[in-house]
Amino acid sequence: MIINGILLKASLELFGEIMCGIVGCILKEKKAAPVLLECVRRLEYRGYDSVGIATSSSGINIKKDSGKIDEVQERLQLDDLPGKMGIAHVRWATHGLPTRENSHPHTDCYNKLALVHNGIIENYQELKDQLQEEGHHFSSDTDTEVIAHLVEKQMSKGMDLEDALRLVIHQIKGSYALAVIHVDYPNIIIGARKESPLILGVGDGDYFLASDVPAILEETNRIIYLDDEDLFVMKNDGIIVKDSQGRVKENEIDVISWSPEMAQKGGYDHFMIKEIHEQPEVVRNTLSELHEIKKTVENFSDFKRVCFVACGTSFHASMVGKYLFEELVGIPVDLALASEFEFSAGALTDDTLVIFITQSGETADTMKALEMAKEKAETLAIVNVMGSRATREADYVIYTRAGPEIGVAATKTYVSQLTCIYLLAACMVGDEKLLDELKKVPDYMKTALEKEELIKEISPHYKDVTDFFFIGRGFSYPTAMEGALKLKEITYIHGEGFAAGELKHGPLALISDDVPVVAVVPPGKSHDRTMGNVKEVKARGARVICLGSQNDVNLRSEAHYMIEFEDQISEVLSPLIYVVPLQLLAYYISVERDINPDQPKNLAKCVTVV
Ligand code: F6R
């Protein structure tokens, strides 16, 4: 399709998680490098750790390094690169440390091409081994570099750039949004996407590509959304989009009406709601850690106990870990709030694996506990932020791959922590059935997100209550706790999570018709007894919001409002999915109360004091 701006239509298509950002441009008159630098700067609000630019002008020119964009610019003058076309990358490290070598763009053996990539190449190791055997020389630890060498290999057999790239994207497994420039094709940028976001922009004789609309919105608001497995060829007179078989496609041009700030939030009002919606994609990303987790598990020494240590939302993930490890791995598990760890650390024995769960990897309480635990036992950190303190101090590290989380209240990082815990338990006992079940979670979550309209409708009824109870048993107890914490944090309403069986030991005295109760009642072994608790609180006047299976007619008959889930979601898996409407409930009540859910008062994203 040669674009001349034929079809214009507003669009709100939204993309999933972006852990790195790529941009590219072919400009009519201006130098590319300063524009590319501005474009990547617009992505930096997520917190990146490396940056690089490659331009084409009498050969391929590359400048790149680790560090914040402004630091690297000051050191290298990235915007000095010559030429009117180029590609750029900002990296949030996931494979390989943030170093110059691992920064993008990556090249082939002879520096004939430059390539930027966002995504994960799952089979990179076997491809790399084979390429190395064939004599290719690698300069980084990244999965991305294999793509550059694979293209080089095909072109050395006489293929042109487009055919070579098409063949290579059929060889790689995983997700990608990528763009390539080549010394023999000085007027072309070629790229493709699968499961990672990539859009094209059409200006006035200028053409752009980017991971995300905000990167290029100040250059153009005319955007082409690429479908999965599309490949594009960008030249200085237009863009051709093709499907995976090489057939030319007619992708439309959409006109975006967002302000730059709205665009950073993907068109959503707040980062929190954007991040809630990213969760299916995030879980898919985290599931791709399976091989890394398998390797980690192989290296564990024999241990007889597990102790989870964490704070806040990460502690709720640990609670799920306790139920899961005890049921599935059959091993005794202790749980410690990081701020309380010092009072029980004395009893820690060297046959214990101490697992620290922390999104930031910097929480002071968790770090203090990690220091103490290291003296006595083997430690594993489950962390989102690469290069953070926990990743440097723990014996083993598993990354959650949720991407940067901007909203102060943890949402997508919670489900990614849970996914890691499930993967870890499944790898420890070789439970293939659970691994298969986990693959269905992103789809279950998408259905859970469809409850948004219902939750938006019911939220105004709860905006003026002063207390809220959340109840659940077993695997649903942490979900109840997390629902209550989200509510407290961003609505300033008192929310309390209880193990449903504990109601009768005190809290029941507080139930009345102005205290709503949220009951988490998935099908499974805790179901009937929690149903009993629903009846108990209802008898005392409570309006109960019930979360349960779509087939649960008994539960529905007790519910003031019923939030239904697919019946196939087992109790064991339910924490990953049932939490989604609770995040939405807190979010919409917060909005009803005119609070900015992204920045609740008195709270910080990373708590660095003990
Ligand atoms: C809640 C929340 C906090 C964090 C806690 C631990 O939404 O974000 O409760 O979970 O401060 O933080 P990390 O996981 O960074 O150690």
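We count ligands from 1, going down the list as the structure has it; atoms in each ligand are counted the same way.
With ring centers used as reference points, Tyr477 lies 6.0 Å or more from Tyr323.
Listed by number with element, the atoms of ligand 1 under 4.0 angstrom from any heavy atom of Lys486 are 1 (C), 7 (O). Close approach of ligand 1 to Ala409 (heavy-atom distance below 4.0 Å) involves ligand atoms 7 (O).
When non-hydrogen atoms are compared, ligand 1 lies under 4.0 Å from the backbone of Val408 (N, CA, C, O) but not from its side chain. The proximity of Glu489 to ligand 1, defined as any non-hydrogen pair under 4.0 Å, is limited to the side chain.
Between Met562 atom CE and Leu454 atom CG the span is 11.0 Å, to the nearest 0.5 Å.
Checked for salt-bridge contact, Lys374 and Asp395 miss the test: no charged N lies under 4.0 Å from a carboxylate O. Under a 4.0 Å N-O distance rule, the pair Glu342/Lys368 qualifies as a salt bridge. At a threshold of 4.0 Å, the pair Glu371-Arg389 counts as salt-bridged, since one of the basic side-chain nitrogens sits closer than that to a carboxylate oxygen. A salt bridge is defined here as a Lys NZ or Arg NE, NH1 or NH2 lying under 4.0 Å from an Asp or Glu carboxylate O, and Lys295 with Glu292 meets this definition.
Tested against Phe308 for a ring-ring contact (aromatic ring centres under 6.0 Å, His included), the candidates Phe325, Phe315, Phe341 yield a single pass: Phe325. Under the side-chain contact (heavy atoms from CB on, under 4.5 Å) rule, Arg401 has a single partner from Ser416, Ser288, Cys420, which is Ser288.
The closest protein non-hydrogen atom to atom 6 (C) of ligand 1 is Cys311 O, 3.4 Å. Remark: minimum distance from atom 11 (O) of ligand 1 to any protein heavy atom is reached at Val607 CG2, 4.1 Å. The shortest contact between atom 15 (O) of ligand 1 and any protein heavy atom is with Ser360 OG, 2.6 Å. Nearest non-hydrogen protein atom to atom 3 (C) of ligand 1 is Thr313 N, 4.1 Å. For atom 12 (O) of ligand 1, the closest non-hydrogen atom of the protein is Thr363 OG1, 3.4 Å.
For ligand 1, the polar-atom distance check against Ala410 finds a nitrogen or oxygen pair separated by under 3.5 Å. For the pair Thr358 and ligand 1, the shortest N or O to N or O distance falls below 3.5 Å.
At a 4.0 Å cut-off, not a single heavy atom of Glu362 sits close enough to ligand 1 to count as contact.
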